[in-house]
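Here is the structure we will look at, set down as structure tokens.
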Amino acid sequence: MSRTITTVKPGLQTCVQELPGREGFLEQGFPLSGPFDAWSFRQANILVGNDRDTAALECQFMGPTLTFDADMLIAVTGADMSPALDGAPIPMYATVAVSAGQTLTMGFAKTGARAYLAVSGGIATEPVLGSRAVFHQAGVGGHALIAGQTLPVGVSETSALYVLPESARPVIGTDRVWEVEALCGPNDDWLDEATIEMFFSTDWQIQTKSSRTGIRLTGPDFGFSDKALNKSPDHGQDPSNIIDHGYPMGAVNLAGQTPIILVNDAPSTGGFINPFTIASAAFWKLAQAKPNETLRFRRVDRDGAAALRAEIDAKTKPEILENA
Amino acid sequence: MLHEALRFYPGGDRAIEVELGDGMDFTINFIVHRLVAAVREARIAGLVDLIPELASFQVNYDPDRISYEDLCHEIEALYAEMGRGVTGTLASRLITIPVLYFDEKTEACVEDYRKDYPEKTPDPELICELNGLPDRAALRRRHASTEYWVAALGFWPGLCSLLALNPTARIIAPKYNPPRTHTPKGAVGLGGALTCIYPDATPGGYQLIGHTPAPTYDGAQRLPDFRDSLALFRAGDRVRFKPVERDEYSEIEARVAEGTFRHDIVDYQVFSVDRYLDWAKAQEEASK
């Protein structure tokens, strides 16, 4: 029997993702890609006995319906899309053993925006430029799933069933407000001081035109410093224009007056300033925040960002699992 | 102009922007690429990715393996060791790109934008106006009169930033504000002091002046020139635009469709930076 998964319904945009993403090709214009919420992604993997960076499925806003063509272990984490096996609800953050022929259904996200489905052995699609991560828009590493598509699954000997303790799971709140840790830079010196204060004290609304490319925000206008207003013409006319430069992942990119947070599938370079950058350990919040929800930015420094990273890192290691 | 010293700007907890100078010119960009090569060769533990750009480069790093401060010091030391000399030779491919200037695809794209923004001057006319060119024919002549330097790749897989190597052929253009939501694949655009070729249908902000039927990106690696790489250009390549008429354009289109198209790539030349800089200076003086 083939060790595969068959797509019955694809969901809204379900893609194979893998960590660390497509490293080494940013300089040719390929984005890193990879899972948007790496915390939930890694937890799904450790629950099925995989290395935590193994290829798994990222389900966005509405999950897929999939049939398993062989016995395997699965785990669902992240957004709650009401996963059910042959019609019976299954727990999230727990290993579930499925038998050949069983069907997993997932619906609309009740909380959060992105769910992760890991299978024991991992998704075994062909790597492209060193990674299985999918950049859907350009079709690098494949596209989002389509109905009828089968996915190869790697081999696995594991049969242990685990649960992830509640205290180690990411908390997806229901108040629609997210506090997101951010650092100043690289281009905070292009803004006036009042604007830097404004950025950290504003309730920013997430626009509906938000995706794995960028999270667009609505809020007050930005004011600029002398550096932005009196610059060489090579930078461009708009105060937010700069000579093309690299775009860090998580950068708050300012195009005119619209801040766009650049995430996993964002452009690698461009000609707009990045006054702030989200702490890497807070990216998962951007993945789980939905359009029309509110972001509040809390200023941290590199030490603060390191503490947050360490906290999440500890929660994505197999040692924290409990036997089911 | 080159800065006195490197300027480091942190981009969150995993990236650093290293700025070498202020301006879009060959000399700064050449030093960017030399320093990036030196950083790459140094194999610094914890360094994950490098993105060379016009006057700066981005370093992505693993902050649990190397600190921001240590990485900045390592790069500074490499820069000090390397010196600022712009000299030497490098292998540089010359790639000729056929262009149908003022073609119907990009014209339609411009007109489409002008439905929403009727005050926008059509792209070729705007560029002629800003660069003192009498008409479209003069714009085409100027644009096709120089070799271009592949200064950087980015924004989208295979998208190139090209700098005119002949300083007297430099054309400047403002970017769209707001940007376009759609650009035809193969469109040739101008923005700031740069030319780009859209490798795929994407949003965009450069002024459009023509279209090439020759692919610069082939995700499926269908064409023979893309067997080793999905993107045609590498930093340090040179590009020349060859104006073609409709018949040649259609012939190339047909060969691309049947999968037999080969790019015109000259791969035996060495680029002398010293001789280039002398030549560029002479060009500039002669034009005064």
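Below, chains carry the letters A, B, ... as their sequence lines are ordered, and counting in each starts from 1. Just so we're clear, the structure is a prediction, and the values are computed from it rather than from any experiment.
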Return one line per donor-acceptor pair between chain B and chain A under 3.5 Å, naming both atoms and the distance rounded to 0.1 Å.
residue	atom	partner	partner atom	Å
B/Tyr9	OH	A/Lys227	NZ	3.2
B/Gly12	N	A/Thr277	OG1	3.4
B/Asp13	OD1	A/Ser280	N	3.0
B/Asp13	OD1	A/Ser280	OG	3.3
B/Asp13	OD2	A/Ser280	OG	2.7
B/Asp13	OD2	A/Arg309	NH1	2.8
B/Asp22	OD1	A/His235	NE2	2.7
B/Met24	N	A/Asp234	OD2	2.8
B/Arg40	NH1	A/Glu27	OE2	3.1
B/Arg40	NH2	A/Glu27	OE1	3.3
B/Arg40	NH2	A/Glu27	OE2	3.4
B/Asp49	OD1	A/Gly24	N	3.3
B/Asp49	OD2	A/Gly24	N	2.8
B/Glu53	OE2	A/Thr269	OG1	3.3
B/Gln58	OE1	A/Tyr247	N	2.9
B/Asp64	OD1	A/Arg309	NE	3.4
B/Asp64	OD1	A/Arg309	NH2	3.0
B/Asp64	OD2	A/Arg309	NE	3.4
B/Glu69	OE2	A/Arg302	NH2	3.2
B/Phe155	N	A/Ser268	OG	3.2
B/Phe155	N	A/Thr269	OG1	3.0
B/Gly158	N	A/Gln28	O	2.9
B/Arg170	NH2	A/Asp234	OD1	3.3

- Message: Just so I understand: if I count every heavy-atom pair under 4.5 Å between each of B/Pro10, B/Ala15, B/Gly23 and chain A, which residue has the most?
- Response: B/Pro10
- Item | Residue B/Leu54 versus chain A: region with a heavy atom under 4.5 Å | both
- For B/Leu230, is it the side chain, the backbone, both, or neither that has a heavy atom closer than 4.5 Å to a heavy atom of chain A? side chain
- Message: Heavy-atom pairs under 4.5 Å with chain A - which of B/Gly191, B/Ala220, B/Gly205, B/Gly154 has more of them than the others?
- Response: B/Gly154
- Message: For a 4.5 angstrom cut-off between non-hydrogen side-chain atoms, does B/Phe8 reach A/Pro186?
- Response: no
- Portion of A/Phe25 that has a non-hydrogen atom of chain B nearer than 4.5 angstrom: backbone
- Output the option from A/Leu129, A/Ile278, A/Ile243 having the highest count of non-hydrogen pairs under 4.5 Å with chain B. A/Ile243
- Message: Shorter than 4.5 Å, heavy atoms on both sides: which option in A/Gly24, A/Gly304, A/Gly185, A/Pro20 has the most such pairs with chain B?
- Response: A/Gly24
- Query: Non-hydrogen atoms of chain B under 4.5 Å away: do they reach the side chain of A/Ala305, the backbone, both or neither?
  - Reply: both
- Task: Could you tell me which portion of B/Ile172 (side chain, backbone, both or neither) has an atom closer than 4.5 angstrom to a non-hydrogen atom of chain A?
- Result: neither
- Does atom CD of B/Glu4 have more than 12 heavy-atom neighbours from other groups under 6.0 Å away? no
